[in-house]
Amino acid sequence: MSSETVWIKKRGPVGVGTTIHIHTDPDCQPLQQATEIRETTREKLPDHWPDCSLCAGTAATGGVPEGESTHTRRDRLEELDPDDL
């Protein structure tokens, strides 16, 4: 079993059809939008919980060039001087 540190959104009772995703990137946008986050290790979570497709790099990019992280793009935009836009 892996002792890799991962994060999940902390929720109330899980209902039917609710999928919990394992986040490997603490800066993942959906994870940052959560009201509470729980840090844990992968070995403590059920094997059937999938990895977040954004963290895994397998999500549809929505126009972001292949190989470029959406997080990297956001970081670069935040660093820009508004006068340069």
Side-chain angles (χ1 to χ4, degrees):
M1 295 231 154
S2 172
S3 62
E4 170 188 16
T5 300
V6 295
W7 297 265
I8 58 170
K9 293 179 183 181
K10 190 171 180 184
R11 303 175 179 216
V14 176
V16 175
T18 301
T19 303
I20 296 176
H21 293 92
I22 299 171
H23 297 270
T24 55
D25 178 359
D27 294 325
C28 180
Q29 184 177 9
L31 188 63
Q32 293 303 310
Q33 293 173 345
T35 54
E36 279 190 71
I37 300 169
R38 185 173 72 137
E39 182 177 316
T40 188
T41 57
R42 187 177 290 274
E43 66 189 8
K44 293 179 181 177
L45 301 175
D47 291 336
H48 66 275
W49 286 3
D51 284 351
C52 165
S53 59
L54 286 173
C55 293
T58 59
T61 62
V64 176
E66 187 174 336
E68 182 177 324
S69 167
T70 55
H71 299 301
T72 303
R73 177 182 276 183
R74 183 184 71 223
D75 292 342
R76 280 193 251 156
L77 286 171
E78 288 174 351
E79 292 170 1
L80 282 175
D81 184 337
D83 293 334
D84 291 340
L85 298 177

#### Entry: I22 with I20, same ILVMFWY side-chain cluster at under 4.5 Å
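Shared cluster, yes.
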### Task
State the NE2-CD1 distance between H21 and I8, to the nearest 0.5 angstrom.
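Taking NE2 in H21 and CD1 in I8, the distance rounds to 12.0 Å.
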### Task
Enter the distance from I37:CD1 to Q32:CD here, rounded to the nearest 0.5 Å.
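The distance works out to 5.0 Å.
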Kindly write out the residues that satisfy side-chain contact (heavy atoms from CB on, under 4.5 Å) with [X], not counting sequence neighbours, or none if the list is empty.
{"X": "Q33", "value": "Q29"}
{"X": "T24", "value": "E4, V6, R42, C55"}
{"X": "A56", "value": "T58"}

### Query
Going by heavy atoms in the side chains, are P26 and E39 under 4.5 Å from each other?
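No; the side chains remain at least 4.5 Å from each other.
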### Task
For residues P30 and L54, determine if any side-chain heavy atom of one lies less than 4.5 Å from a side-chain heavy atom of the other.
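Side-chain contact under 4.5 Å: yes.
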